[in-house]
Amino acid sequence: MREAVLEWFGQHARELPWRSEDRSAWGVLVSEVMLQQTPVARVEPAWRAWMARWPEPADLAAASPADVLRAWDRLGYPRRALRLQECARAVVERHSGVVPDASEDLLALPGVGAYTAAAVQAFAFGRRSVVLDTNVRRVLARAVAGVALPAPSQTAAELRLAESLVPEDDATAARWSAASMELGALVCTARSPRCDACPVAGLCAWRAAGRPADEHAARRRTQAWAGTDRQVRGRVMALLRDAIGPVPAAAVEALWPDRTQLERCVESLLADGLLARDAAADGDEPPTYRLP
DNA sequence: AACGCGGGGCT
DNA sequence: AGCCCAGCGTT
């Protein structure tokens with residue numbers, strides 16, 4: 001399986017900017033944070049602009065959060081943008097501006113979890129690690145476990161399986177991590193897998209079993225979008241991103257009819273550090289809002 | 001372990 | 001109208 005996937009990767013790997021020869025470890029880390037739940041197609045232009053503006057951790061550390069949030073634009077989950085800046089500051093303060101390569105140090109950085117730490121080790125440093133993202137989980141679920149999709153949340157068994165498949169030497173292991181992810185992203189896709197183009201179709205347990213349906217389908221209902229706090233928060237952030245100066249409270253209140261929900265969302269954005277509120281000069285007037 | 005957290009494009 | 005996306009931090 002590894003041989004076939006590595007061979008396929010040699011032919012079909014995408015040329016992504018964070019994979020180029022002259023990439024930096026910081027560039028890889030930035031890409032991984034942006035790619036946390038945002039598709040490659042939308043990250044690519046954002047990453048180019050971001051790295052041109054703030055090429056080193058120290059550059060991002062020195063930026064204003066408002067600029068960072070505006071540059072993040074509509075990548076989604078803007079708390080990630082704040083964490084990425086905190087991460088840049090931590091790299092500067094704890095590691096003299098150099099991205100660390102030890103798991104313990106990477107995991108201690110804001111916004112860096114098990115996946116991102118492993119990905120940086122593999123893709124920035126060419127080190128052996130266990131990279132287990134949604135793509136790899138799906139490939140292993142099908143090829144090895146013989147099911148349509150992995151369980152809703154990652155299991156210990158999955159991690160053990162993934163670990164057992166990572167090649168021993170650093171360079172091959174790092175390449176395997178990229179290759180197995182790429183197979184999941186391009187061929188072994190969630191919706192309509194292209195088994196006819198798959199290098200491991202011949203040994204795929206799911207295909208051999210006749211591609212049985214997803215057994216977890218009933219539990220997989222995604223959270224509705226319309227009317228959720230996430231939609232309201234998104235509207236508030238969009239208004240603030242596009243505003244030139246401070247935004248009057250009335251403009252924020254006009255975004256959403258449900259006063260209780262809007263207030264809850266504004267308070268949560270303030271708590272998250274995504275929003276700032278200034279009292280009016282005349283204390284009886286309503287406050288204004290801006291990016292922090 | 002479960003939940004909250006954006007936004008857009010595809011089927 | 002769902003479904004999915006190179007997850008993380010909190011509870």
Side-chain angles (χ1 to χ4, degrees), chain A residues 13-14 16-19 27-47 69 72-84 86-87 106-124 129-139 148-156 158 162 174 177-186 188-194 214 216-241 261 264-265 267-269 271-275:
Chain A
R14 289 170 292 182
L16 298 170
W18 46 88
R19 285 178 179 167
V28 171
L29 178 44
V30 170
S31 78
E32 292 302 340
V33 173
M34 289 183 170
L35 287 162
Q36 291 165 3
Q37 298 286 279
T38 302
V40 168
R42 278 201 291 156
V43 164
E44 191 167 344
W47 183 90
L69 288 168
W72 194 260
D73 196 34
R74 297 178 174 189
L75 288 182
Y77 296 140
R79 297 191 295 196
R80 287 185 294 158
L82 295 185
R83 290 200 200 110
L84 182 55
E86 292 166 22
C87 177
L106 285 166
L107 286 169
L109 297 172
V112 177
Y115 162 76
T116 303
V120 169
Q121 288 188 304
F123 307 144
S129 64
V130 183
V131 172
L132 190 53
D133 78 323
T134 188
N135 291 304
V136 178
R137 290 187 68 214
R138 189 171 52 247
V139 169
L149 292 171
S153 46
Q154 189 181 306
T155 65
E158 269 183 284
S177 293
S180 51
M181 283 178 64
E182 195 80 337
L183 186 65
L186 299 182
C188 194
T189 56
R191 199 65 75 86
S192 45
R194 302 167 43 213
D214 173 26
H216 301 98
R219 293 187 48 217
R220 230 178 266 281
R221 298 275 168 264
T222 55
Q223 186 183 8
W225 167 247
T228 60
D229 284 5
R230 285 158 73 175
Q231 184 185 20
V232 178
R233 284 169 55 107
R235 281 199 185 184
V236 175
M237 290 304 294
L239 175 69
L240 274 288
R241 268 199 313 271
Q261 185 179 18
R264 179 172 70 240
C265 290
E267 292 303 323
S268 72
L269 289 169
D272 285 344
L274 290 166
L275 184 64

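Numbers restart at 1 for each chain; the letters A, B, ... are given by sequence-line order, proteins then strands. Only a predicted model underlies this, so the values are computations on that prediction, with no experimental measurement involved.
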Practice task
Using whole Å, report how far OH of Y115(A) lies from P of dC8(C).
Solution key: 8 Å
Problem - C1' gap between dC4(C) and dG6(B), integer Å - result: 13 Å
Handout entry: Nearest-Å distance for atom pair CG/P, residues L109(A) and dC8(C)
Key = 12 Å
Problem - Distance between P atoms of dC8(C) and dG8(B) (Å, rounded) - result: 23 Å
Practice task
Would you mind telling me which of dA6(C), dC5(C), dT11(B) lies closest to the side-chain atoms of R191(A)?
Solution key: dT11(B)
Handout entry: Nearest-nucleotide 5' precedence on DNA chain C, T38(A) against V112(A)
Key = T38(A)
Practice task
Answer yes or no: does a side-chain N or O of T116(A) lie under 4.0 Å from OP1 or OP2 of dC8(C)?
Solution key: yes
Exercise for the section: Would you mind telling me which of dT11(B), dA6(C), dC5(B) lies closest to the side-chain atoms of D133(A)? Expected result: dA6(C)
Practice task
Would you indicate what P78(A) reaches in the nucleic acid, counting non-hydrogen atoms under 4.0 angstrom: base, sugar-phosphate, or nothing?
Solution key: sugar-phosphate
Practice task
Have a look at L132(A) and say if it touches a base, only the backbone sugar-phosphate, or nothing, with a 4.0 Å heavy-atom cut-off.
Solution key: nothing
Fill in the blank from the handout: H216(A) atom NE2 is separated from dC3(C) atom C1', nearest whole Å, by 17 Å
Practice task
Give a yes/no answer on whether the side chain of T134(A) brings an N or O atom under 4.0 Å of OP1 or OP2 in dA6(C).
Solution key: no
Fill in the blank from the handout: Picking from dG8(B), dC4(C), dC8(C), the nucleotide nearest the side-chain atoms of R74(A) would be dG8(B)
Exercise for the section: Would you check, one step at a time, whether the test side-chain contact (heavy atoms from CB on, under 4.5 Å) holds for N135(A) with V139(A)? Expected result: CA-CA 6 Å; N135(A) 291 304; V139(A) 169; 5.6 Å; no
Exercise for the section: Round to the nearest Å and state the distance from Y77(A) atom OH to dG8(B) atom P. Expected result: 13 Å
Completion exercise
Taking dG8(B), dC8(C), dA6(C) as options, the one with an atom nearest any side-chain atom of R14(A) is dA6(C)
Practice task
Apply the salt bridge (charged side-chain N to carboxylate O under 4.0 Å, His left out) test between D272(A) and each candidate in R233(A), R80(A), R83(A); give the one that qualifies.
Solution key: R233(A)
Practice task
Using the side-chain contact (heavy atoms from CB on, under 4.5 Å) rule, take L274(A) and L240(A) through it: C-alpha gap first, then chi angles, then the decisive distance, then the call.
Solution key: CA-CA 10 Å; L274(A) 290 166; L240(A) 274 288; over 6 Å; no
Problem - N/O (side chain, Q37(A)) to phosphate O (OP1/OP2, dG7(C)) under 4.0 Å - result: yes
Exercise for the section: Work out which heavy atom in A185(A) is nearest to a heavy atom in R14(A); give both atom names and the distance. Expected result: CB-NH2, 3.7 Å
Exercise for the section: Name the residue closer to the 5' end of DNA chain B, choosing between S192(A) and S268(A) according to the nucleotide with the nearest heavy atom. Expected result: S268(A)
Completion exercise
Among dA6(C), dG7(C), dG6(B), the one nearest any side-chain atom of E182(A) is dA6(C)
Fill in the blank from the handout: Test side-chain contact (heavy atoms from CB on, under 4.5 Å), reference S180(A), set V136(A), D133(A), L132(A), output is V136(A)
Exercise for the section: Using heavy atoms to find the nearest nucleotide of DNA chain C for L107(A) and L35(A) separately, return the residue whose nucleotide is more 5′. Expected result: L35(A)
Exercise for the section: Answer with base, sugar-phosphate or nothing: what part of the nucleic acid does D229(A) contact at a heavy-atom distance below 4.0 Å? Expected result: sugar-phosphate
Problem - Distance, C1' atom - from dC5(C) to dC5(B), rounded to whole angstrom - result: 14 Å
Handout entry: First encountered from the 5' end of DNA chain B, between L274(A) and S153(A)
Key = S153(A)
Exercise for the section: Flag the pair E182(A) and R19(A) as a salt bridge only when some basic side-chain nitrogen lies within less than 4.0 angstrom of an acidic carboxylate oxygen. Expected result: yes
Exercise for the section: Examine dG6(B): is either OP1 or OP2 under 4.0 Å from a nitrogen or oxygen in the side chain of R233(A)? Give yes or no. Expected result: yes
Handout entry: Phosphate OP1/OP2 of dC5(C) contacted by R138(A) side-chain N/O (<4.0 Å)
Key = yes
Problem - Any donor-acceptor N/O pair under 3.5 Å between dG4(B) base and R230(A) side chain - result: no
Problem - Sugar-phosphate only, base, or nothing, as touched by A119(A) at under 4.0 Å among non-hydrogen atoms - result: nothing
Practice task
Indicate whether any N or O donor in one side chain lies under 3.5 Å from an N or O acceptor in the other, for Q36(A) and Y115(A).
Solution key: no
Exercise for the section: Check the distance between dG7(C)'s C1' and L29(A)'s CG and give it to me in whole angstrom. Expected result: 14 Å
Practice task
Ignoring backbone atoms, establish whether R83(A) has a side-chain N or O less than 4.0 Å from OP1 or OP2 of dT10(C).
Solution key: no
Problem - Whole angstrom value for the distance that separates C1' of dA6(C) from CD of Q121(A) - result: 16 Å
Handout entry: Touch class at under 4.0 angstrom, heavy-atom based, for A114(A) against every strand present
Key = sugar-phosphate
Exercise for the section: Select base, sugar-phosphate, or nothing to describe what W72(A) touches, counting heavy atoms under 4.0 Å on all strands. Expected result: nothing
Exercise for the section: Start with the C-alpha gap between L149(A) and H216(A), add the side-chain angles, then the distance that decides, and say whether side-chain contact (heavy atoms from CB on, under 4.5 Å) holds. Expected result: CA-CA 8 Å; L149(A) 292 171; H216(A) 301 98; 5.9 Å; no
Completion exercise
Taken to the nearest whole Å, CD/E32(A) to P/dG7(C) is 9 Å
Practice task
Classify the nucleic acid contact of R241(A) as base, sugar-phosphate or nothing, counting any heavy atom under 4.0 Å across all strands shown.
Solution key: sugar-phosphate
Practice task
Using atom CG of L82(A) as one end and atom P of dC8(C) as the other, report the distance to the nearest whole Å.
Solution key: 17 Å
